[in-house]
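Residues take their numbers from the sequence shown, with the count starting at 1. Atoms within a ligand are numbered from 1 in the order they appear, just like the ligands themselves.
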Amino acid sequence: MPRPLYLYNTAARAKELFAPQHDTVGLYCCGPTVYNYAHIGNLRTYIFEDILKRALLSLGYPVRHILNITDVGHLVSDADAGEDKMEKSARKEGKSVWELAAFYTQKFMENLHDLNIVQADLFPKATDHIPQMIAMVRELETRGFTYRTDDGIYFDTTKFPAYGEFARLDPDSIRPGERVAMGAKRSPTDFALWKFSPKSSKRQMEWESPWGVGFPGWHIECSAMSLAYLPQPIDIHAGGSDHVRIHHTNEIAQSEAATGRKFVRFWLHGEFLVIDRAKMAKSGGNFITLDSLKNEHIPPLAYRLFCFSAHYASPLTYSPEGIKGAKASYFNLLRSLAGTSDVADPGDPATNYYPEAIPRILDDFYQAVYDDLNMPKAMAALWEIVHDETIPPGLRRAAAGKADEILGLDLLAGNPQPSLEEFAGISGPIRVYSAGMLTDLQKREIVTKVGERQRARGDKNWAAADSLRQELLQFGAIVKDLSDGSAEVTF
Ligand SMILES: [Zn+2]
């Protein structure tokens with residue numbers, strides 16, 4: 001029996017003991033709409049989902065993880081009105097919609113890679129699953145849950161009595177008005193399953209259907225793709241908290257109406273990253289990407305660490321000071337754990353070779369992770385391991401390596417390197433702590449410059465040493481002169 005794992009289930013509004021419904025845990029995560037870069041607020045959700053997946057794996061559960069790519073038909077407004085995000089952005093960038101989708105899908109994958117997010121088993125694209133979506137809409141039609149207007153096929157929410165229970169929506173509070181574009185909808189909560197292509201203009205992405213040429217509504221893709229790849233009820237469906245009210249509410253309605261069975265057992269939602277008290281959004285001015293952080297010399301894994309400073313279901317406030325603090329902490333961790341490889345291999349963490357403190361602290365670590373992914377608490381346990389001088393450094397390193405299977409911070413990456421011989425003419429050793437965000441060539445360039453600076457210091461040429469320090473700073477590389485004459489560089 002694995003240790004108990006407790007997760008906050010939005011459907012129950014309570015922390016519940018996780019029990020899988022199938023031999024392999026099905027995990028479906030709502031993916032990005034690939035019309036623009038993901039901002040770091042979006043990425044916070046994928047980091048939380050990655051911790052969830054790593055926690056499940058650490059407990060010995062096999063996991064089948066599906067992360068969809070929305071590459072079609074998502075309108076600017078969730079209420080099925082306005083322009084299509086993909087077509088609009090493609091026009092703006094002078095690309096075809098297909099090129100746009102390919103470009104931003106690639107960028108998204110790079111982000112996941114930079115953040116050490118374990119690859120999903122499958123990244124299904126909406127455009128590859130139009131037949132499955134059409135089949136589901138047909139099923140809904142057969143079962144009497146749809147109606148037709150002049151612009152599409154709609155789901156009739158009044159036919160699904162449990163509609164809105166999930167989000168605790170008060171049906172009386174939803175009235176047609178300014179905020180809900182009604183069009184020909186019968187009820188404000190009804191939503192499009194299939195939209196007809198406009199007669200006045202030609203869409204780049206459109207398909208034949210039993211109802212006419214058009215494109216799918218946004219919500220239907222997640223129902224169709226999750227049920228195409230995972231057995232029902234799906235163990236866990238996760239996404240951002242902004243999906244509760246509309247997207248996930250609609251997914252539940254159409255999936256349960258089409259199958260007559262429970263759709264999902266556990267619903268998990270990640271909260272927003274906030275900046276200046278506002279949610280980070282693509283439409284606002286506070287649009288920060290992983291690339292823009294890299295340009296500020298913030299390693300992606302320092303952002304990953306930053307995300308562990310709040311529980312996933314609480315808002316996390318972003319600030320330049322906060323992220324710089326996370327970077328400093330990150331290097332601190334690497335530095336504390338580096339340079340201990342001379343200590344004998346501590347052996348298997350499970351054996352009693354460990355001093356007593358290690359299993360106790362690691363136990364605190366896992367306890368926190370399995371208590372609804374409480375990462376601030378888990379990090380406190382990690383720091384305790386790192387700072388406990390009574391534990392031999394090699395053992396600390398091994399324990400941190402174990403914790404890193406869940407943290408995914410590449411904690412053991414800060415190895416001292418390179419040797420004196422490798423960089424001829426360098427006087428005094430150099431210790432390098434790198435977060436792995438630069439290419440080998442860039443790293444070599446930095447280390448060579450540090451070597452030059454060491455030589456200048458050896459010659460007492462302080463002006464040259466200072467200007468080299470400034471040059472290095474432009475790469476984001478920080479040099480510290482240690483008392484034994486060696487230099488330490490972090491970047
Ligand atoms: Zn979704």
Side-chain angles (χ1 to χ4, degrees), residues 9-11 26-36 38-39 41-50 52-53 64-80 84-86 101 104-105 108 112 117 120-130 132-133 136-137 140 155 157 163-164 166-167 189 191-195 215-230 232-259 262-272 281-282 312:
N9 183 3
T10 305
L27 171 62
Y28 185 88
C29 301
C30 285
T33 302
V34 284
Y35 72 106
N36 200 339
H39 61 64
N42 303 134
L43 295 172
R44 182 184 179 206
T45 305
Y46 302 107
I47 292 171
F48 127 65
E49 291 163 351
D50 187 52
L52 169 65
K53 179 177 175 179
R64 183 157 163 79
H65 176 199
I66 311 290
L67 202 171
N68 72 295
I69 302 289
T70 299
D71 57 352
V72 65
H74 185 175
L75 302 185
V76 172
S77 140
D78 284 343
D80 302 314
D84 181 300
K85 284 181 182 178
M86 297 285 300
Y104 287 113
T105 301
F108 177 68
L112 297 187
I117 288 170
D121 295 280
L122 212 61
F123 293 94
K125 290 193 292 186
T127 50
D128 289 339
H129 296 79
I130 303 295
Q132 288 88 337
M133 296 184 221
M136 189 174 251
V137 180
L140 287 168
F155 185 92
T157 53
Y163 187 85
F166 174 69
T189 49
F191 55 94
L193 296 164
W194 186 265
K195 297 269 281 187
F215 58 102
W218 170 37
H219 316 295
I220 195 75
E221 72 171 75
C222 282
S223 290
M225 289 193 280
S226 61
L227 293 178
Y229 296 108
L230 297 171
Q232 207 171 336
I234 293 167
D235 286 298
I236 306 175
H237 191 318
S241 63
D242 52 336
H243 288 341
V244 175
R245 268 180 58 86
I246 295 179
H247 183 50
H248 289 164
T249 290
N250 291 352
E251 273 190 51
I252 292 169
Q254 67 201 1
S255 303
E256 298 192 350
T259 62
K262 191 173 181 61
F263 177 39
V264 167
R265 177 64 184 87
F266 274 82
W267 285 93
L268 267 70
H269 292 97
E271 257 304 331
F272 292 140
K282 282 173 183 161
Y312 74 86

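Among the backbone and side-chain atoms of His248, none of the N, O or S atoms lies under 2.8 Å from the Zn ion (ligand 1). Taking 2.8 Å as the threshold, His243 does not count as a candidate ligand of the Zn ion (ligand 1), since none of its N, O or S atoms lies below it. Between the Zn ion (ligand 1) and His219 there is no N/O/S contact shorter than 2.8 Å.
Residues Phe123 and His65 keep their aromatic ring centres 6.0 Å or farther apart.
A donor and an acceptor atom, one from each side chain of Glu251 and His237, are located under 3.5 Å apart. Donor-acceptor pairing under 3.5 Å is recorded for the side chains of Gln254 and Ser223.
Looking only at side-chain heavy atoms (C-beta outward), Gln232 and Leu227 come within less than 4.5 Å of each other.
Between the NE2 atom of His247 and the SG atom of Cys30, the angle taken at the Zn ion (ligand 1) works out to 120° after rounding to 10°.
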